[in-house]
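One structure is given here, and the rest of the page talks about it.
Only heavy atoms go into these numbers, but all of them, side chains included; no hydrogens, no water, no symmetry mates. Order of the sequence lines fixes the chain letters, A, B, ..., with proteins taken first and strands second; residue numbering starts at 1 for each chain.
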There are 2 protein chains.
Amino acid sequence: MLRQAAEFPQRIRATRDLILAGQRTPGPLLVLDGWLGRVQLFSDGRRQILSFLLPGDVIQDAGTFQPVAPSTITALCDAVLCSAPAPEDEGPREAYAASAALDEIYLLRQIARLGRMSAYERIQDWLSEMHERLLLAGAAGPESFPMPLTQEMLADALGLTSVHVNRTLQAMRRDGILEWRGGTVRLRQSAATNGARARPMPEAAISAFRKALLAG
Amino acid sequence: MLRQAAEFPQRIRATRDLILAGQRTPGPLLVLDGWLGRVQLFSDGRRQILSFLLPGDVIQDAGTFQPVAPSTITALCDAVLCSAPAPEDEGPREAYAASAALDEIYLLRQIARLGRMSAYERIQDWLSEMHERLLLAGAAGPESFPMPLTQEMLADALGLTSVHVNRTLQAMRRDGILEWRGGTVRLRQSAATNGARARPMPEAAISAFRKALLAG
DNA sequence: CGAGAACTTGAGCAGCATCAAAGAGAGTGG
DNA sequence: CCACTCTCTTTGATGCTGCTCAAGTTCTCG
């Protein structure tokens with residue numbers, strides 16, 4: 001089914017909105033390539049990226065009930081999507097539930113990150129998460145992964161300014177735990193580094209689904 | 001069905017954990033009284049309250065799929081729960097989906113709050129949200145609402161220190177927009193105050209469900 | 001080669017944290 | 001009814017983290 005759906009890819013250019021908050025939601029979509037973000041705009045210009053949608057992620061909006069989209073979804077770089085099979089069918093239903101469960105975990109992690117981590121920790125933790133997720137989707141190597149975002153987007157996701165993100169990245173490079181050149185990131189886990197988190201991750205149970213979904 | 005389930009209330013005392021992250025989830029629960037919080041603890045003692053569970057809220061964990069709880073749930077004050085009807089039944093299914101949709105909206109709002117609002121704005125916005133939610137649940141008056149939390153809990157939810165929460169609350173009192181005495185809050189919406197947010201709220205479509213759920 | 005976007009750098013400041021200690025309630029037991 | 005204790009709130013002094021403003025510098029791409 002997935003292979004069939006992928007026959008009709010839909011392209012979207014960077015900075016374009018895919019879905020506007022408050023609009024009726026379209027059917028479920030699958031991200032084939034590129035990164036999108038759920039975004040909240042403030043009337044004074046502030047912007048918060050709420051979560052990321054990476055290749056392999058499904059856009060479904062909460063249990064397929066959602067009458068309207070709870071947030072705007074923007075393409076953070078050029079991206080390719082296709083429509084995903086209807087959740088009514090028996091097979092995919094479990095997959096959708098698993099995907100929703102994962103999404104929730106990432107939202108909770110984002111809250112803990114913004115609420116209780118320093119800038120340095122936020123960037124580290126966020127890069128780790130992106131790497132994990134891309135690995136699950138088969139879109140990253142074990143040592144490095146693609147990073148199509150600008151430092152300003154990173155700032156909008158992590159509740160910082162781009163200036164401070166820049167300085168913090170430099171500190172990480174100086175500490176020898178980060179390389180970021182030409183859209184590719186290599187992050188070393190400085191062992192002592194991440195003692196702060198005690199993360200609940202039912203990933204083992206769930207990753208199987210993601211892989212199946214992506215096999216197509 | 002709800003009335004029947006409520007025949008067997010389960011009490012839990014403040015500071016006790018109801019569910020531990022990583023544990024198997026029990027069946028869905030309904031909060032009858034008291035406030036609970038989904039909590040993330042850091043190994044160095046930092047704590048982040050990820051979200052709140054108020055009277056009328058359902059604890060179901062993401063589309064009823066979740067194999068294990070994604071976060072610890074703690075009673076923030078003495079609380080009363082009962083088990084909720086199984087989501088397999090045809091009637092409640094839609095109600096569960098609506099509840100999950102609402103939960104997601106509150107998580108997204110919490111992210112925007114932590115990422116891009118000042119301490120003053122966070123407290124204002126959070127108090128507004130609690131008032132709205134309690135109104136939906138019929139657990140608040142139009143002008144004021146009960147607030148059983150300490151300033152330190154508020155700090156843990158909003159990514160601040162209790163000292164700074166205290167000072168900010170005093171500023172709000174000085175500005176005449178807040179009264180908080182004896183566990184009751186009265187918040188004046190200083191019109192100019194909330195221009196910053198452009199919130200997506202499919203509440204109209206959803207509140208009906210909450211009311212129905214609570215009628216019992 | 002020019003122009004825009006992205007990244008860097010510096011100086012100065014503000015918001016919020018930290019540390020420490022002093023009130024103010026609220027419940028308990030004598 | 002009054003210590004007593006515990007938790008919660010309040011206050012002060014001080015300093016770090018991250019923001020603001022402003023100006024380069026490098027990169028990308030047509």
#### Entry: Spacing between A:Asn166 atom CG and C:dC7 atom P, to the nearest angstrom
8 Å
### Query
When the distance from CD of B:Gln170 to C1' of C:dG23 is rounded to whole Å, what number comes out?
13 Å
### Message
Less than 4.0 angstrom from a charged side-chain N to a carboxylate O is my criterion; do A:Arg188 and A:Glu143 meet it?
### Response
no
### Message
Using a strict threshold of under 4.0 Å (side-chain N to carboxylate O), is an ion pair present between B:Arg109 and B:Glu129?
### Response
yes
### Query
Are B:Phe52 and B:Trp126 close enough that their ring centers fall under 6.0 Å?
yes
#### Entry: salt bridge (Lys or Arg N to Asp or Glu O under 4.0 Å) involving B:Arg116 - partner list, sequence neighbours excluded
A:Asp156
### Task
Could you tell me which residues satisfy salt bridge (Lys or Arg N to Asp or Glu O under 4.0 Å) with B:Asp103, sequence neighbours excluded, listed by chain and number?
none
#### Entry: Upstream residue (5' side of DNA chain D) when B:Trp180 and A:Gly182 are each assigned their closest nucleotide
B:Trp180
### Query
Picking from A:Leu53, A:Leu76, A:Leu54, what satisfies side-chain contact (heavy atoms from CB on, under 4.5 Å) with A:Leu36?
A:Leu53
### Query
Residues in side-chain contact (heavy atoms from CB on, under 4.5 Å) with B:Thr184, at least two apart?
B:Ser144
#### Entry: Positional range of nucleotides in DNA chain D within the contact set of chain B, heavy-atom, under 4.0 Å
D:dC8 to D:dA13
### Query
Residues from residues 148-157 of chain A sitting under 4.0 Å of DNA chain C, heavy atoms only?
A:Thr150, A:Gln151
### Message
Under a 3.5 Å threshold, yes or no: a donor from one side chain and an acceptor from the other, between B:Thr72 and B:Asp17?
### Response
no
Could you go over nucleotides 17-19 of chain C and give all protein N or O partners under 3.5 Å, atom names and distances?
from: C:dA17; atom 1: OP1; to: B:Thr161; atom 2: N; distance (Å): 3.2
from: C:dA17; atom 1: OP2; to: B:Thr161; atom 2: N; distance (Å): 3.2
from: C:dA17; atom 1: OP2; to: B:Thr161; atom 2: OG1; distance (Å): 2.9

